[in-house]
Structures are given as C-alpha cells and as structure tokens.
Amino acid sequence: MKADLLVTPQQFVWEETFELRSGDQLEGFELIYETYGELNASASNAVLICHALSGNHHAAGRHAADDTKPGWWDSAIGPGKPIDTNRFYVVSLNNLGGCHGSSGPLSTNPVTGNPYGPSFPTVTVSDWVRSQALLADHLGVETFAAIIGGSLGGMQVLQWSIDFPQRVAHAVVIAAAPKLSAQNIAFNEIARHAITSDPEFQDGNYRTQNTNPDHGLGIARMIGHVTYLSANGMGTKFGRELKSGDITSATDVEFQVESYLQYQGANFAKTFDANTYIRMTHALDYFDPAQDNNDNLAATLAKATAQFLVISFSSDWRFSPARSAEIVDGLVEAKKNVVSACIESEHGHDSFLLPIERYFEVLGGYLKRVGAEK
Amino acid sequence: MRADLSIIAKQIEHGARVLDLGCGEGELLAWLQENRAVNGYGLDIDPNNINACISRGVNVLEQDLNLGLGNFPDDSFDTVVMTETIQAVADPVLMLREMLRIANNCVVSFPNFANWRCRMYLASQGTMPMAGHLPNRWFDTPNIHLCSFKDFEELCKELNIVINERFVVDANHKQRPMMNRFPNFFGVTAFYRLTRTTTAGKN
C-alpha cells in the first residue's frame, strides 16, 4: 500500500525574460513539478493541480517508500481516487516565489549571483498562470482536461479560465472566492506583521544574517490555522480540554488547542520561508480578476469557455459558501456551464484537503464525466 | 423520458435559457440540452439528485429554494420550470412572484388535491388521502401546501398572474376527455403556463 505511487520531482527551466504584472521581470526561472499517471497519445488527459497558500509540488505519492507522509492531496490523487491517475495525467508544481524548489526568495538571482531574499519580486496569480502555461507547453499539453485547485489554488483556476480560455476544458474551483474580503486581507496583514516585526526577520535578509523569524512565522501560521478551522470544528477537536487536567498544575501550554497551534506554528517555521509567505499572501490579496472590468465578474468570466465545478463547504468562513455563490452567479449570468455543490462539513476551510465522502463523490463523479469526454 | 417532462418540453423554445427549480435527477434539463440546445440550470439540494445531474452532464446548482432566489436578476431567464414542487415550498406566493420576476414564462405543475380519489378517500376513510401521486402520511409528507386546481387558479387571479395554458392529465400523464370537462374532479396533475401579462396570439 505504502509504495503504491513513488514519484520523483522534475525541474522545468525557462531561460528567457519573464515579465511580471508588477512591472518587474525575472531573467528566467525554474519550476519544480511532479506528474502522476501517463499522458495519452492525443495529450487530452492532462489535469493541472494548483496549490494553495502553503502548498507545493508534492501533491501525491511518496518520494521514497519509507516516507512517513505522502503528498498533501494524496487522498484525492491516485489510482481509483477522485482524480484518477489511471485515467488522467496529473501535473502538480510549486508556484513561482515558492520555497520548495521553484524560483523564489531562496533561489539565487542569476543577474547578481546572490540569493534573492526579500528582493524577489511580487508575483500575482496571473503571473503564476502564465508560468504554468509555459510548463504546459514544455510538457506538450495544449489543453488541460481539467484544472483543479482549492483556496488560492481555486483562484488560479479562475484566472486560467479567463486568461487562457482555450486551454481549459473544465475548471474545478474549490473553497475559493472571486477576490478577498477586507477581513481576509486583515488576517493576512496580521500574519505578515507578525513576521516582519520579528527581530530575526532582518528586513527579509535573515538568510545572510544566519537568523530565521521562527517566532513571527509561527504566529502567522497560528493565525492561519484559526481561520482554517470552524468554531464548532475546533470545539469538537479540542474542546476546552486541559492537558494536565488540573488548573493547579497548569503550565504555559494548558489547553489542547494551544498545544495544537504552537506545534503547527513551530513546525511551519522550520519548513517554510518567511519571504515566500509574504509573497504568497500578497498574491492572495491582490487577486481580483474583475477589477479590470468595472468589478463585473460576469463580464470578466464571459471570456471563459471552460465548464465549471464550484465546491464550497458549509462551515468555511475564510472563503464561505456565499463567496463561492458569487462565482456561481457570475458564471450563470455569463451563460457558462456550471455545477455547484456546498458540502456539509464542520472542518471549516480545511475541508478542501480532507477526504469527505460527499465531497469526493461530487469531485470524482464530475471528473469521471470529464474523463469519458474524449 | 417521463411523460410529464415531455409535456413541459413542448413548451420550451430552441436555445432558451431555462431555470428548473427542484430539478431532481435532471431528466428534463438533459433532454432540453440535447433536443432544444437550451442554456439550462437546475436547482436542487438533495445530494443524490445532484450526483445524478453531474453524471448526466446537467448544470445543477446546490441551492435551497426556500432561502430565496434573490441571486437571479429580473428577466434573467426565458423560462422558469417547477414540476411537482410548489406544493412543498414554504411560501408558494413568494415563489410564484419570484419565478415570474426571473422569467415571463413559467411552467408549474402540481398534484390536484381535489381529484375524485382524494375526495372519496377523505369522505370514506376520514383520514388524509394517500394515493399514487400522494404517497406520504400527513406528518412525513414534504407536501405542506397541497391545493386543488381551483385553489391555484384563484390564487393566480388574486396575484394578477395570467394563465396562458393549462394541461390536465391523469396519473399516466395522458389527457382524457372527461378531464377537460371536469378537470378539478378527474385531473390528477395540471401543468400551467404562466406569464405576467397576456402574450399576443395566446388566449
């Protein structure tokens, strides 16, 4: 069971100048990616997975048979799973600006020979989509059978359907929003502030100073986790349980939820780059495809030719079902084919990463039809 | 295809924009997509129905009718259809008003509570009628607003809703001569085509 899908990450190198939406440019870039399943002769069975804020290219399988954990969406991707690798050729990459092998703040700037660090330019969702399209060219994929993403990944899917309509047959937008609310941006700003106000952050030059803003990054992740769970879900998971069971012997970390958040924060600080976190949250904040169209989402989506599946989760308050409904209403107004489902779940925004029975029925059922279309 | 759905299908034009409220397993929309090239959407909240629509390739949106249809702008559809559902909604008056706000051509069907079998059942048994088209007992029925054809037509009059056409059929969705003479007695199901104003050429 454990060794059912062994994968090796691959590298795509783009050597030309890449103009960014911010006006900056990159003198080439690298993207790390993985693939699962086989591309068919007509190259018509490719599926692109777009990752969320802290995701990476390692979505499914294991790098070595004794890896303790598989990729972040292994429950959904694999033989016989909703994103069935017997049927589809699945591509998953680490986005530009990431910290898991793609060009980002940790990489060396080819122009200066020094690490980018905080000088890595601001990247946007549309920059990501354009770089993903270059990867698709490299892989010989003209049109994706489906592009799938949750949260910030869902926003990339929307952007794909608008920027490259002919290259997306089906767009699966999960737990996303057409743009962030002021509240969403506020949470991101608190997270960024936690990082930048950590003395170890050193204006983003922590690598050259041999420090790391573990504390700030940990707090940023703790804030994130609070917004990923629902109040009820947290109650069910942790309640008010005391670790020692007794207030007289209370320590600093007494409630189960405190221990959970501290663990998540500390763990994240070890594996994620602070400059990347700042870039990724900015990409989220700036995402607003309807902005150039007088805030008219339907007019923006009019360009799309894909068919859409929009999934939300009942207890998600980060990108609530109402936000998904905005996308659906825009699609209906634009006369696009769309299916929507709101999955009952108490796991909040995190639901999109969980193998919830009805969620997988909807996703798997939809993709089964996509796979039968050839 | 179910006989009732084929009756509705006749009333929908090629390429129309159709909203099906309580679309069930999506049979009507699947047929209309294939044969009338409609741009159709169905609303439902039952997970099994939604799965069935997905495997049929029907645009199904998970939305609870009783929570309102405010997300659909005025006149945003050509036709709104509601089959065998109006008797189960929380506020039938609001529903009819909303349907006619969204499209000036609405098709509504529902079971006739004044059908002779119901009348006989109530008269002889003294309990709430149960029959083929009304299989539930009073406490577990989704049909909380049952009415007769006469009741419905009186309401339409009150609301200034124009009834353009009415088809009265039996349990097999066949039209029979007796039903045209005494619809409210012999009819099992009626299909009404409703508009806000009288359509030229009709009536």
Side-chain angles (χ1 to χ4, degrees), chain A residues 82 146 169-175 178 296-299 302 304-314 320-345 356-373, chain B residues 13-26 29-30 32-34 36-81 98-99 101-103:
Chain A
H170 291 268
V172 181
V173 180
I174 306 166
N296 185 335
L297 185 61
T305 56
Q307 303 189 44
F308 289 79
L309 169 62
V310 180
I311 299 177
S312 61
F313 298 92
S314 58
S320 69
R323 304 308 312 279
S324 283
E326 287 174 38
I327 298 172
V328 172
D329 290 342
L331 289 167
V332 170
E333 194 182 331
K335 305 186 179 182
K336 303 302 167 189
N337 284 320
V338 51
V339 166
S340 77
C342 178
I343 309 296
E344 192 65 37
S345 160
I356 297 163
E357 190 183 350
R358 183 169 174 236
Y359 171 32
F360 276 18
E361 257 174 39
V362 167
L363 182 63
Y366 188 89
L367 291 175
K368 205 167 178 181
R369 205 177 154 85
V370 171
E373 258 173 18
Chain B
E13 287 176 23
H14 189 90
R17 227 164 115 73
V18 179
L19 185 63
D20 184 353
L21 305 178
C23 66
E25 296 189 347
L29 285 172
L32 289 172
Q33 270 172 213
E34 192 147 313
R36 295 280 189 281
V38 300
N39 173 224
Y41 303 88
L43 303 193
D44 215 289
I45 47 166
D46 180 87
N48 294 326
N49 284 345
I50 290 169
N51 289 345
C53 289
I54 289 172
S55 49
R56 274 205 167 92
V58 161
N59 292 324
V60 62
L61 310 178
E62 183 164 340
Q63 185 174 336
D64 188 342
L65 302 178
N66 288 324
L67 298 181
L69 298 169
N71 53 318
F72 297 102
D74 296 1
D75 288 307
S76 53
F77 280 83
D78 297 314
T79 302
V80 177
V81 178
E98 280 294 273
M99 288 172 72
R101 177 185 65 75
I102 296 165

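Here is the naming used below: chain letters follow the sequence lines, and residue numbers restart at 1 for every chain. Note that the structure is a prediction, hence the values are computed from the model and not measured.
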Indicate yes or no: at least one non-hydrogen side-chain atom of A:Ile174 is less than 4.5 angstrom from one of A:Tyr359.
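Yes, side chains in contact.
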
Between [X] and chain A, which part of the residue has a heavy atom less than 4.5 Å away: side chain, backbone, both or neither?
{"X": "B:Asn39", "answer": "side chain"}
{"X": "B:Ser76", "answer": "neither"}
{"X": "B:Leu61", "answer": "both"}

B:Glu25 side chain vs B:Ile50 backbone, donor-acceptor pair below 3.5 Å:
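Here the side-chain-to-backbone pair does not exist.
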
Hey, does the side chain of A:Lys368 reach the backbone of B:Ser55 with a donor-acceptor pair shorter than 3.5 angstrom?
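No.
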
Heavy-atom distances under 4.5 Å only: say whether [X] touches chain B with side chain, backbone, both or neither.
{"X": "A:Lys335", "result": "both"}
{"X": "A:Val328", "result": "side chain"}
{"X": "A:Leu331", "result": "backbone"}
{"X": "A:Asn337", "result": "both"}

For A:Phe313 and A:Ser345, work out which heavy atoms get closest and say how close.
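Heavy atoms only, the tightest pair is CD2-CB, 4.4 Å.
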
Sequence neighbours excluded - salt bridge (charged side-chain N to carboxylate O under 4.0 Å, His left out) pairs with any residue from residues 43-65 of chain B
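Pairs touching residues 43-65 of chain B that pass the test: A:Arg358-B:Glu62.
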
Does A:Phe308 have any ring-ring contact (aromatic ring centres under 6.0 Å, His included) partners at least two apart in sequence or in another chain, and if so, which?
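ring-ring contact (aromatic ring centres under 6.0 Å, His included) list for A:Phe308, sorted by chain: empty.
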
Partner chain B: residue of A:Glu344, A:Gln307, A:Lys336 with the largest heavy-atom pair count (under 4.5 Å)
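Counting heavy-atom pairs under 4.5 Å, the top option is A:Lys336.
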
